[in-house]
Participant: 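Starting off with a structure, shown below.
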Amino acid sequence: MDAGSATRRGDDNPGFLELFTPKLVTVLREGYGLKDLHADAVAGLTVAIVALPLSMAIAIASGVSPDKGLITAIVGGFFVSALGGSRFQIGGPAGAFIVLVAATVARHGPDGLILATMMAGAFLLTIGFLRLGTYIKFIPFPVTVGFTAGIGIIIFASQIKELLGLTLNGNEPGPILEKLPVLWAALPSFSPSAFAIATAAVATILILKRLRPNWPGMLIAVVGLSAVTALFALPVETIGSRFGGIPAGLPAPHLPEITLSRMQALLPDAIAFALLGAIESLLSAVVADGMTGRRHRSNCELFAQGTANIASALFGGICVTGTIARTATNVRAGGRSPISGMLHAAFLLAFILVAAPLAAYIPLAALAGVLAIVAWNMIEKHAIAALVRGARGDAIVLAVTLLLTVFADLTEAIVVGVLLGSVLFIDRLARTIAIDHHMAFSLDDVSDTADGGRTTYDASLATDPDIVVYRISGAFFFGAASKVGTVLDRIADRHKALVLDFHDVPFLDSTAADTVAGAARKAAAKGVRLVICGAAPHVRHELHRHGVAPPQVRFFQTLDKALSHIRRTTTKSG
């Protein structure tokens, strides 16, 4: 056997170690030189510049201090790259988690958030080891579009207070329907200075994106407005005034309080973290694959995400996932391997070690402007327009998912959206099934060199009214079983033989197999012989499991052989 065929066989049936070997190991085995290191260093620095303001902004919006976002990007980002199944994935805090994290902090406090993050990491490890990551990709497109758009709306709503510089009498409500009246009542406390800074941040980012797309617009906006705030002593809240700055280093790892009752209380939050983290990270890896032509290993990626979440929680960080914006930045900046992501974490660590005191001057309104841009970018306008113009079912799934995300619960939105998408898919697939009834016919002459393949049906050539042929086309599953079963129930007493042609049946499930078994029992009770032709091996195996097997039913490879057998045995018995 040649090496190429052996390699192909290994790719088709990879072992456990092959599936969970980090891409970092693969890259180092292929050979890694100084040119690769230089490219990864440039890309890592570029991503770190983007991640710096974004990580702090996401942490603040999530209800924790800004250093938690940096810890997440440093610790979690390092493990995502070092252990992951993608060459280009960049991990860190994500805007999609803001709502979930803020709600968990409000209910269970920061210590509860840390335990929920660790539990989510354990769930992600389990999903990866059970190799279930392959199935997460089957979430319908309208669900992901509606979900991310809904999160974008929630993120923007969460930043209205900072964008306008409002002062609230109490805590800001989480649910949007409760939040908006409170914000409206606080409008008299509107701060022109905060609004001007937020507007300037948005304008700076948008202008630089248009005129200088390669420049780090978010960092430039935050640094510039921090300088303006300090120079003119503007009356706005800053990281220093609210949080007292950020520590100049990483904290020592520690475990949260772990009790069975706390774990039970945090279970829904941990499941939501794990589900959203798996979806977000694998979606990001798919985007990177599309940009580079490479292919990630989904279960290895989930293993890395699980490890990263546990590690992040040990250092006091929040939820970690692969992030599309930072991963795409890494690819565009020329990143070649997971080392770029590891260096991105190292650059962020260097920042808090050297320049942590400067973070105290960052105005919260500027970070709110950054998140306003993030929220706008999360709403995929072109995808929404295409879905609305397309099939009505897709538009309904999109709308339901978006509305549930904004006004109900994120987990509920995903579950209901997936269920609706599945029902829509089943309905569409069921409509593709077809069953054609033709009387048996005399076959045309063929040359001696013919391979005995199928011939086309021609009802006009029918010569034997005692034999009826049903041709089933399409996926034969529970959604279509009742339709086919209704037709098969019409077996007339005048027929002596029933032929089911399965040549065009690519798939058959247990419900469909049971339908055929029922038809076989009914045929036997009426003295009608049942013959099946053209069934693929896996289809025949499923039929056998449900009792559709010789001697009650005979199987043949072609319709020609089935008809010849019926006529020959009928003549002998006659």
Side-chain angles (χ1 to χ4, degrees), residues 426 429-443 446 451-459 461-574:
I426 291 169
L429 192 59
R431 294 174 187 271
T432 65
I433 193 73
I435 178 165
D436 300 321
H437 166 220
H438 291 288
M439 304 301 294
F441 51 87
S442 297
L443 299 175
V446 295
D451 60 2
R454 294 185 65 216
T455 59
T456 58
Y457 288 97
D458 188 349
L461 299 178
T463 59
D464 193 342
D466 290 332
I467 304 175
V468 63
V469 178
Y470 282 105
R471 176 178 58 191
I472 302 175
S473 304
F476 192 6
F477 70 116
F478 66 90
S482 60
K483 176 181 178 181
V484 177
T486 300
V487 177
L488 295 184
D489 282 342
R490 300 172 187 164
I491 302 173
D493 294 334
R494 61 187 177 88
H495 299 305
K496 295 182 179 179
L498 168 65
V499 180
L500 296 181
D501 187 347
F502 274 60
H503 274 96
D504 292 331
V505 176
F507 167 77
L508 176 139
D509 71 354
S510 58
T511 305
D514 185 68
T515 300
V516 177
R521 290 191 296 268
K522 188 169 184 178
K526 291 188 176 184
V528 179
R529 301 172 61 191
L530 179 61
V531 176
I532 295 177
C533 68
H538 62 279
V539 172
R540 184 183 297 189
H541 176 70
E542 187 67 28
L543 290 171
H544 284 179
R545 288 179 55 195
H546 287 262
V548 183
Q552 184 185 32
V553 178
R554 295 295 302 272
F555 288 84
F556 293 91
Q557 187 175 6
T558 66
L559 178 62
D560 187 8
K561 292 179 180 179
L563 294 176
S564 297
H565 168 77
I566 292 172
R567 288 171 179 149
R568 184 172 63 254
T569 54
T570 301
T571 301
K572 290 180 180 180
S573 61

Participant: Within this structure, what is the CZ-CD1 distance for the pair Arg540 and Ile532, rounded to the nearest 0.5 Å?
Facilitator: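 Here the rounded value is 9.0 Å.
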Participant: Would you name the heavy atoms of His503 and Asp501 that are closest together and state the gap between them?
Facilitator: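 Closest approach of His503 to Asp501: ND1-OD1, 2.7 Å.
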Participant: Please determine whether side chain to side chain contact (heavy atoms under 4.5 Å, CB included) holds for the pair Leu543 and Val553, giving the CA-CA distance in whole Å, both sets of side-chain angles, and the decisive distance to 0.1 Å.
Facilitator: CA-CA 10 Å; Leu543 290 171; Val553 178; over 6 Å; no
Participant: I need the minimum non-hydrogen distance between Cys533 and Thr558, along with the two atoms involved.
Facilitator: CB-O, 3.7 Å
Participant: Please walk me through it: do Ile566 and Arg554 pass side chain to side chain contact (heavy atoms under 4.5 Å, CB included)?
Facilitator: CA-CA 10 Å; Ile566 292 172; Arg554 295 295 302 272; over 6 Å; no
Participant: Can you tell me how far apart CG (Asp514) and CD (Glu542) are? Round to the nearest 0.5 Å.
Facilitator: 10.5 Å
Participant: On a heavy-atom basis, which atom in Gln552 and which in Ala524 lie closest, and how many Å separate them?
Facilitator: NE2-CB, 4.0 Å
Participant: Between His538 and Leu508 (side chain of the first, backbone of the second, donor and acceptor by atom type, cut-off under 3.5 Å), is there such a pair?
Facilitator: no
Participant: Taking all heavy atoms of Asp504 and all of Arg471, pick out the closest pair and write down the distance.
Facilitator: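 Distance-wise, the nearest heavy atoms are OD2-CD, 4.4 Å.
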Participant: List the residues meeting side-chain hydrogen bond (donor to acceptor under 3.5 Å, both in side chains) with Arg521, not counting sequence neighbours, and say none if there are none.
Facilitator: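 In terms of side-chain hydrogen bond (donor to acceptor under 3.5 Å, both in side chains), with neighbours along the sequence ignored, Arg521 is linked to no residue.
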Participant: Parallel, tilted or perpendicular for Phe555 and His544, by the 30°/60° rule?
Facilitator: perpendicular
